[in-house]
Enquirer: 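What follows is a structure written as structure tokens; I'll ask about it next.
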Amino acid sequence: QVQLVESGGGLVQAGGSLRLSCAASGRTFSNYVMGWFRQAPGKEREFAAAIPWSAGSSYAADSVKGRFTISRDSAKNTVYLQMNSLKPEDTAVYYCAAGPLTLRTLRGRRDDYDYWGQGTQVTVSS
């Protein structure tokens with residue numbers, strides 16, 4: 001059974017930083033992309049960043065580019081999202097997801113992702 005478990009969310013002031021973690025288990029992810037999405041109240045779930053599990057470059061949405069960095073530690077079966085220079089508009093529930101290694105998943109096509117975590121809340125105060 002595949003499990004993606006997020007952690008690291010919380011309350012932070014604008015300009016601050018947080019690092020989210022996603023612990024993955026239940027299958028081999030070598031041909032998968034790991035992504036982070038977020039959903040603010042009343043809005044659709046949107047793509048933040050993605051990275052191939054094994055090797056390759058990451059992708060990030062324009063809204064977070066230069067502030068958020070996605071990375072992986074294959075030995076720990078964990079994917080991270082380092083979030084710097086946080087803004088109030090970054091407030092959302094952040095979800096970890098896994099999908100087949102394709103350009104579409106790397107670019108954040110949400111419907112192509114097979115597995116989702118339960119989410120972790122990030123709140124940025126002004």
Enquirer: So, does Q82 use its side chain to make a donor-acceptor pair with the main chain of R19 at under 3.5 Å?
Expert: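 No, the answer is negative, given that no donor and acceptor are paired below the 3.5 Å cut-off.
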
Enquirer: Which heavy atom in T78 sits nearest to a heavy atom in S21, and how many Å separate them?
Expert: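 Minimum heavy-atom contact is CG2-CB, 4.2 Å.
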
Enquirer: Tell me, please, which residues at least two apart from E89 pass side-chain contact (heavy atoms from CB on, under 4.5 Å).
Expert: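 Here the qualifying residues are K87.
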
Enquirer: What heavy-atom pair brings A40 and A92 nearest, and what distance separates the two atoms?
Expert: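 Nearest heavy atoms, A40 then A92: N-CB, 3.8 Å.
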
Enquirer: For the ring pair Y113 and F37, is the centre-to-centre distance below 6.0 Å?
Expert: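 Ring-ring flag for Y113/F37: true, centres closer than 6.0 Å.
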
Enquirer: So which atom in E6 and which in Q118 form the shortest heavy-atom distance, rounded to 0.1 Å?
Expert: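 So the minimum-distance heavy-atom pair works out to OE1-OE1, 2.8 Å.
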
Enquirer: A side-chain contact here means heavy atoms from C-beta on lying under 4.5 Å apart; do T28 and W53 qualify?
Expert: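 No; the side chains remain at least 4.5 Å from each other.
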
Enquirer: Which heavy atom in S54 sits nearest to a heavy atom in S30, and how many Å separate them?
Expert: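 That would be OG-O, 2.8 Å.
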
Enquirer: Could you give me the CA-CA distance, side-chain angles and deciding distance for T105 and Y32, then say whether side-chain contact (heavy atoms from CB on, under 4.5 Å) is met?
Expert: CA-CA 9 Å; T105 50; Y32 269 68; over 6 Å; no

Enquirer: Any side-chain heavy atom of T91 sitting closer than 4.5 Å to one from Q121?
Expert: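 Yes, their side chains come closer than 4.5 Å.
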
Enquirer: Answer yes if L101 and Y59 sit in the same cluster of Ile, Leu, Val, Met, Phe, Trp and Tyr residues linked by side chain heavy atoms under 4.5 Å apart, and no otherwise.
Expert: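 The answer is yes; both residues are in one hydrophobic cluster.
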
Enquirer: Are any of the side-chain heavy atoms of L106 and P52 separated by less than 4.5 Å?
Expert: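 The answer is yes, as the side chains (C-beta and beyond) meet within the 4.5 Å cut-off.
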
Enquirer: Does any part of the side chain of V122, heavy atoms only, come nearer than 4.5 Å to the side chain of V124, both counted from C-beta?
Expert: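 With C-beta onward as the side chain, the pair touches.
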
Enquirer: Hydrophobic cluster membership, with links at side-chain heavy-atom distances under 4.5 Å among I/L/V/M/F/W/Y: are F68 and Y80 in one?
Expert: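 F68 does not cluster with Y80.
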
Enquirer: Going by salt bridge (Lys or Arg N to Asp or Glu O under 4.0 Å), name the residues that satisfy it together with D73, two or more places apart in sequence or in a different chain.
Expert: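 For D73, no residue satisfies salt bridge (Lys or Arg N to Asp or Glu O under 4.0 Å) once neighbours in sequence are set aside.
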
Enquirer: Could you tell me whether the side chain of R38 reaches within less than 4.5 Å of the side chain of D90, counting heavy atoms only?
Expert: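 Answer yes - side chains close enough.
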
Enquirer: Looking at CG of L11 and CG of L18, how far apart are the two atoms once the value is rounded to the nearest 0.5 Å?
Expert: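 Rounded to the nearest 0.5 Å, the CG-CG separation comes out at 9.0 Å.
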
Enquirer: In this structure, would Y115 and L81 fall into the same cluster of hydrophobic residues linked by side-chain contacts under 4.5 Å?
Expert: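 Yes: a chain of side-chain contacts under 4.5 Å links Y115 to L81.
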
Enquirer: Could you check whether the rings of Y95 and W116 sit parallel, tilted or perpendicular, using 30° and 60° as the cut-offs?
Expert: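 Perpendicular: the ring planes of Y95 and W116 meet at over 60°.
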
Enquirer: Evaluate the side-chain proximity of M34 to R72: yes if any heavy-atom separation is below 4.5 Å, no if none is.
Expert: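 Not in contact.
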
Enquirer: Do L103 and I51 land in one hydrophobic cluster if side-chain heavy atoms of ILVMFWY residues count as linked below 4.5 Å?
Expert: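 No; tracing contacts between hydrophobic side chains, which count when under 4.5 Å, never links both residues.
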
Enquirer: What are the two closest non-hydrogen atoms of W36 and I70, and how far apart are they?
Expert: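 Taking W36 first and I70 second, the nearest heavy atoms are CD1-CD1, 3.5 Å.
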
Enquirer: Taking R110 for the side chain and R45 for the main chain, is one N or O donor matched with an acceptor at less than 3.5 Å?
Expert: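 It does hold such a pair.
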
Enquirer: With no hydrogens and no angle check, is any side-chain donor or acceptor of R104 less than 3.5 Å from a backbone partner on R109?
Expert: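 Not a single qualifying donor-acceptor pair exists.
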
Enquirer: If you look at every heavy atom in V33 and P100, which pair is closest and at what distance?
Expert: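 Scanning both residues, the minimum pair turns out to be CG2-O, 4.0 Å.
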
Enquirer: Considering only heavy atoms from C-beta outward, does the side chain of L20 approach that of M83 to under 4.5 Å?
Expert: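 A side-chain contact under 4.5 Å exists here.
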
Enquirer: What I'd like to find out is whether the side chain of L4 reaches to under 4.5 Å of the side chain of F29, using heavy atoms alone.
Expert: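 When only atoms from C-beta onward are counted, F29 and L4 do touch, with a gap below 4.5 Å.
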
